[in-house]
Amino acid sequence: MKHLLGIRELSAEQITHLLDTAESFRDVSKREIKKVPALRGRTVINLFFEPSTRTRTSFEIAAKRLSADAVNISVSTSSVSKGETLLDTARNLQAMSPDCIVIRHSSAGAAYHLTRVCDAAIVNAGDGSHEHPTQALLDALTIREHKKGIAGLKVAIIGDILHSRVARSNIYLLSKLGATVAVAGPGTLVPREFAELIEQGVRVEQRIEDAVADADVVMVLRIQRERQTDAFFPSMREYAVHYGLHANHLNLAASDAIVMHPGPMNRGIEVSSEIADGGRSLILDQVTNGVAVRMAVLYLLAGADGTEHPSSQAAGDNTEESRAAGGVRGRTRHQKRGTRD
């Protein structure tokens with residue numbers, strides 16, 4: 001795997017390998033010294049053309065915990081504000097020899113275009129309404145952690161399906177790993193093309209109650225007002241009444257159902273505070289797992305080559321940092337840089 005542009009292009013085996021690698025890094029964040037030398041000497045550039053808190057911060061933290069040099073570029077203060085094109089920006093960054101570029105952009109396909117001019121590994125941190133692969137991976141890691149697996153589960157995805165890159169990536173991932181997916185939202189926010197995915201195990205429901213019934217996982221999406229150019233529903237209050245997740249809806253789900261949200265939440269509209277702060281909510285667990293997943297992605301793209309693992313170059317090789325990366329080392333030594341899938 002040379003780049004991570006989306007979930008749709010990945011096989012179930014590749015997804016599982018990414019999740020297994022993320023589990024190997026999860027314990028790093030619980031230590032007193034939250035760092036391993038796996039990417040020492042590597043450079044990761046975070047290029048975000050859209051506002052972000054969780055994704056951008058977790059990529060920066062992930063890079064630093066792997067001992068990489070993390071560079072954050074604010075588009076508002078970059079040459080883009082002077083009229084420079086995306087590809088010219090990418091070419092200039094490539095001239096500085098980064099090992100990985102993480103990009104978020106409002107246009108679908110932006111990450112793919114960077115692969116045409118950059119030798120660095122490209123990670124899609126969200127492109128328009130297309131995909132958000134690391135969000136789907138951290139969601140899957142959270143589900144797997146609490147449900148001990150994904151195959152056979154029913155997952156309900158509720159909300160703004162039309163504009164959601166999170167919904168698309170999760171549908172691709174969950175279907176590949178054997179879950180059944182039901183989506184629901186206002187008719188204006190559930191695009192017709194989603195019906196074409198029914199044969200892959202995806203159902204389109206008109207009522208939130210039908211989607212949530214017997215669900216093992218209920219995933220609530222944010223209303224993406226910044227991408228809505230038309231009035232897709234009469235008012236936020238009406239949306240909250242008909243498509244906001246409330247306790248009476250959750251009572252229809254499985255008794256041990258969990259609730260997820262990619263954030264940021266519109267409390268009282270997409271989900272009630274009672275549920276968001278309740279015992280079934282795993283929203284903060286998703287944030288925690290986001291760091292581990294992004295560590296895994298950066299490591300596998302920028303560090304998992306056929307050479308000796310960077311952790312073994314640390315003094316003594318038996319340090320706590322070296323042992324931290326040992327769980328990953330054995331699974332990735334066979335991959336040659338430049339010959340990834």
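- With respect to the salt-bridge test (charged N to carboxylate O, under 4.0 angstrom), the residues R165 and E50 qualify.
- With S169 as reference, E131 is the one residue of E131, R8, H130, Q135 to meet the side chain to side chain donor-acceptor pair (under 3.5 Å) rule.
- Taking 4.5 Å as the limit, some side-chain heavy atom of I103 sits within range of a side-chain heavy atom of F49.
- Atom CE of M96 is separated from atom CD1 of I101 by 10.0 Å, given to the nearest 0.5 angstrom.
- Heavy atoms only, all atoms of each residue included: L138 and G290 are closest at CD2-CA, 3.7 Å.
- For R203 and D210, the salt-bridge test fails: no basic side-chain N is under 4.0 Å from an acidic carboxylate O.
- In this structure, E274 contributes its side chain and A247 its backbone to no donor-acceptor pair below 3.5 Å.
- Here the side chain of D99 pairs a donor or acceptor atom with the backbone of T43 at under 3.5 angstrom.
- Among residues at least two apart or in separate chains, salt bridge (charged side-chain N to carboxylate O under 4.0 Å, His left out) pairs with a member in residues 55-72 are E60-K64.
- Annotation for L298 and F59: closest pair CD1-O, 4.1 Å, computed over non-hydrogen atoms.
- Rounding to the nearest 0.5 angstrom, the gap separating the CD1 atom in I122 from the OG1 atom in T115 is 7.0 Å.
- The shortest non-hydrogen separation linking G244 to I208 is O-CD1, 4.0 Å.
- Inspection of the D127 and N124 side chains reveals an N or O donor paired with an N or O acceptor under 3.5 Å.
- The hydrophobic side chain of L284 is isolated, with no ILVMFWY side chain under 4.5 Å apart from it.
- Between A140 and L173, the closest heavy-atom pair is CB-CD2, 3.4 Å.
- Note on V117 and L47: separate hydrophobic clusters, where clusters join Ile, Leu, Val, Met, Phe, Trp and Tyr whose side-chain heavy atoms are under 4.5 Å apart, directly or indirectly.
- Within 6.0 Å of CD on E209 lie more than 12 heavy atoms contributed by other residues, nucleotides or ligands.
- Taking the charged nitrogens against the carboxylate oxygens, R144 and D20 do have a contact shorter than 4.0 Å, which makes a salt bridge.
- Panel note: side chain D160, backbone H163; a donor-acceptor pair is recorded below 3.5 Å.
- Of all heavy-atom pairs spanning L141 and A22, the tightest one is CD2-CB, 3.9 Å.
- With a 4.5 Å cut-off on side-chain heavy atoms, P186 and Y243 count as touching.
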| said: side chain to side chain contact (heavy atoms under 4.5 Å, CB included) for N46 and I73? Distances and angles first, verdict last. | reply: CA-CA 6 Å; N46 292 320; I73 297 180; over 6 Å; no
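- Under the 4.5 Å side-chain contact rule for hydrophobic residues, L177 and M1 share a cluster.
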| message | Set out, in order, the CA-CA distance, both residues' side-chain angles and the distance that settles side chain to side chain contact (heavy atoms under 4.5 Å, CB included) for M219 and L245, then state yes or no. | response | CA-CA 10 Å; M219 189 177 298; L245 186 68; over 6 Å; no
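- Linking ILVMFWY side-chain heavy atoms closer than 4.5 Å, directly or via other members, places L86 and V71 in a single hydrophobic cluster.
- Between the side chain of Q94 and the backbone N or O of A90 there is no donor-acceptor pair closer than 3.5 Å.
- In this structure, K2 and L301 have side chains that are not in contact, with every pair of non-hydrogen atoms separated by 4.5 Å or more.
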| Derivation and outcome, side chain to side chain contact (heavy atoms under 4.5 Å, CB included), residues R280 and L250 | CA-CA 10 Å; R280 294 191 183 187; L250 203 54; 3.4 Å; yes
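- Between the side chains of R294 and S58, at least one donor N or O lies within less than 3.5 Å of an accepting N or O.
- Under a 3.5 Å cut-off, the side chain of S281 and the backbone N or O of G278 do not form any donor-acceptor pair.
- Under 3.5 Å, the side chains of D139 and T142 contain no donor-acceptor pair of N or O atoms.
- Under the 3.5 Å distance criterion, the side-chain polar atoms of D88 are left unmatched by any main-chain donor or acceptor of E84.
- Distance check: H249 NE2 to L252 CG gives 7.5 Å after rounding to the nearest 0.5 Å.
- V259 and I283 fall within the same hydrophobic cluster, where Ile, Leu, Val, Met, Phe, Trp and Tyr residues are linked whenever their side-chain heavy atoms come under 4.5 Å apart, directly or through other members.
- Residues I157 and V166 fail the side-chain proximity criterion, which asks for heavy atoms closer than 4.5 Å.
- Considering NZ of K35 and CD1 of I61, their distance stands at 11.5 Å, rounded to 0.5 Å.
- Residues R168 and S129 come closest through the heavy atom pair CD-O, 3.1 Å.
- R104 and H132 share a donor-acceptor pair across their side chains, judged by distance under 3.5 Å alone.
- The closest side-chain heavy-atom distance from V202 to S175 is below 4.5 Å.
- A donor-acceptor contact shorter than 3.5 Å is absent between the side chain of S272 and the backbone of G268.
- Side-chain contact between L66 and F25: present, with at least one pair of heavy atoms (C-beta onward) separated by less than 4.5 Å.
- Annotation: the span from D216 atom CG to I143 atom CD1 amounts to 9.5 Å, rounded to 0.5 Å.
- Judged by distance alone, the side chain of K154 and the main-chain N or O of A213 form a donor-acceptor pair under 3.5 Å.
- A 4.5 Å side-chain heavy-atom check between L137 and I7 finds at least one atom pair inside the cut-off.
- Although no hydrogens or angles enter the test, the distance criterion places no donor-acceptor pair under 3.5 Å between the side chain of H246 and the main chain of N248.
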| Yes or no on side chain to side chain contact (heavy atoms under 4.5 Å, CB included) for H3 and V123, after CA distance, side-chain angles and deciding distance? | CA-CA 6 Å; H3 309 289; V123 179; over 6 Å; no
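- We find the OH-SG distance between Y299 and C100 to be 14.5 Å, quoted to the nearest 0.5 Å.
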| message | Checking R267 against D277 for the salt bridge (charged side-chain N to carboxylate O under 4.0 Å, His left out) test, could you report, in this order, the C-alpha distance in whole Å, the side-chain angles of both residues, the deciding distance, and whether it holds? | response | CA-CA 10 Å; R267 282 178 177 265; D277 299 327; 2.8 Å; yes
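- Formation of a donor-acceptor pair under 3.5 Å by the H105 side chain with backbone atoms of S107 is found in this model.
- Both I45 and Y112 are assigned to one and the same hydrophobic cluster, defined by single-linkage of ILVMFWY side chains at heavy-atom distances under 4.5 Å.
- Contact of the D285 side chain with the H146 side chain is registered, since non-hydrogen atoms from C-beta on lie closer than 4.5 Å.
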